[in-house]
Amino acid sequence: MDSVHHKRNGAIDATQLIGSVGKGGKNHKPDVERVQAMLLMHGYNPGNTEGFCTDDTINAIVKFQARFMASPDGRVDPTGRTWKRLCIQPLAHGSPQEALANKWSGNPAKWSQEQKLEGLNPCFREKVKYYSIG
C-alpha cells in the first residue's frame, strides 16, 4: 500500500485519492473501491464494487453529483467538490447501514450490526466498520 493511503484502526483511511475516478479518470483500483464504497454509503449503487470503474459506477457518480452540480461530469477528483461531498457523513439517505441494507434482500431491520457486517463483501467490512462505528 503506498504512503498516501494510511490505515486507521485497521481500516483504510478514505481521506485521500491518488487519482481521479470515473469518466476520463485514472481509475486506480484502490481509488475506485473507495469511491464505490462511499457511493454505497450515500445510497447510490455503483454496480460491481470490485474496484473496476464501470458504466454503473459512472452513472452512480453522476446521480450523486446531480444533488449539488448543475452539470454532473461523472468524475471524482482527489481535491474536487464531489470527493469532498462523498467524505461528508450521509444525511439525506439515512445512516450508512441503511444505505447498504437497501441493497440487500430480506428484512435487514431484524439483523444485528454484526450480521450486517458479516453479509458484506470482506473487502468492505473494515471500511463500513470505520465509517459507521468510528
Side-chain angles (χ1 to χ4, degrees):
M1 185 171 290
D2 57 58
S3 61
V4 176
H5 299 126
H6 305 287
K7 284 198 168 202
R8 186 185 308 165
N9 299 330
I12 294 174
D13 181 356
T15 59
Q16 300 275 338
L17 291 178
I18 294 173
S20 54
V21 172
K23 188 175 182 181
K26 293 182 180 178
N27 296 314
H28 296 294
K29 188 172 181 174
D31 290 338
V32 174
E33 288 175 339
R34 256 181 215 83
V35 169
Q36 289 172 331
M38 294 175 89
L39 285 165
L40 277 171
M41 288 182 186
H42 282 273
Y44 296 87
N45 184 355
N48 181 336
T49 55
E50 295 178 2
F52 301 104
C53 186
T54 64
D55 288 341
D56 288 336
T57 300
I58 294 170
N59 290 335
I61 294 168
V62 167
K63 288 177 185 175
F64 177 76
Q65 289 175 326
R67 293 177 34 205
F68 57 90
M69 293 174 78
S71 299
D73 60 6
R75 187 166 129 168
V76 180
D77 292 309
T79 59
R81 187 165 46 158
T82 304
W83 178 246
K84 289 175 185 173
R85 293 276 183 129
L86 280 170
C87 290
I88 296 171
Q89 180 72 21
L91 298 173
H93 294 283
S95 70
Q97 297 92 343
E98 290 169 340
L100 288 169
N102 289 335
K103 186 176 165 69
W104 300 335
S105 62
N107 186 356
K110 295 182 179 181
W111 298 353
S112 69
Q113 179 67 14
E114 291 77 25
Q115 287 172 313
K116 291 176 185 177
L117 289 170
E118 283 302 310
L120 287 175
N121 183 314
C123 70
F124 290 114
R125 284 185 198 138
E126 290 301 317
K127 294 175 188 179
V128 172
K129 279 186 199 177
Y130 175 76
Y131 285 105
S132 63
I133 299 171

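With F68 as the aromatic partner, R85 meets the cation-pi criteria of under 6.0 angstrom to the ring centre and within 45 degrees of the ring axis.
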Does the pair T82 and V35 meet the rule for a side-chain contact (heavy atoms from CB on, under 4.5 Å), with working shown? CA-CA 10 Å; T82 304; V35 169; over 6 Å; no
With side-chain contact (heavy atoms from CB on, under 4.5 Å) as the test, would you mind laying out the steps for K23 and V62 before giving the verdict? CA-CA 10 Å; K23 188 175 182 181; V62 167; over 6 Å; no
Might you work through the side-chain contact (heavy atoms from CB on, under 4.5 Å) test for I18 and K26, ending with a clear yes or no? CA-CA 9 Å; I18 294 173; K26 293 182 180 178; over 6 Å; no
Taking it one step at a time, do H42 and R67 satisfy side-chain contact (heavy atoms from CB on, under 4.5 Å)? CA-CA 11 Å; H42 282 273; R67 293 177 34 205; 4.2 Å; yes
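Closest approach of E50 to E33, counting heavy atoms only: O-OE2, 3.8 Å. For the pair N48 and Q36, the tightest heavy-atom approach, listed with the atom from each and the gap, is O-NE2, 3.0 Å. The minimum heavy-atom distance linking R75 with G24 is given by the pair NH1-O, 3.4 Å. For the pair T79 and K84, the tightest heavy-atom approach, listed with the atom from each and the gap, is O-CE, 3.4 Å. Taking all atoms of both residues into account, the shortest heavy-atom contact from C53 to V32 is N-CG1, 3.8 Å. Summarising the geometry of L39 relative to T57, their closest heavy-atom pair is CD1-O, 4.3 Å, with the distance given to 0.1 Å.
When hydrophobic clusters are built by joining Ile, Leu, Val, Met, Phe, Trp and Tyr residues whose side-chain heavy atoms come closer than 4.5 Å, directly or via intermediates, M69 is not grouped with I58.
Evaluated for a side chain to side chain contact (heavy atoms under 4.5 Å, CB included) with P46, the options T54, D56, L40, V21 yield exactly one hit, L40.
Side-chain atoms of D31 come within 3.5 Å of backbone N or O of G19 as a donor-acceptor pair.
With rounding to the nearest 0.5 Å, the separation of CD in Q16 from CH2 in W83 is 8.5 Å.
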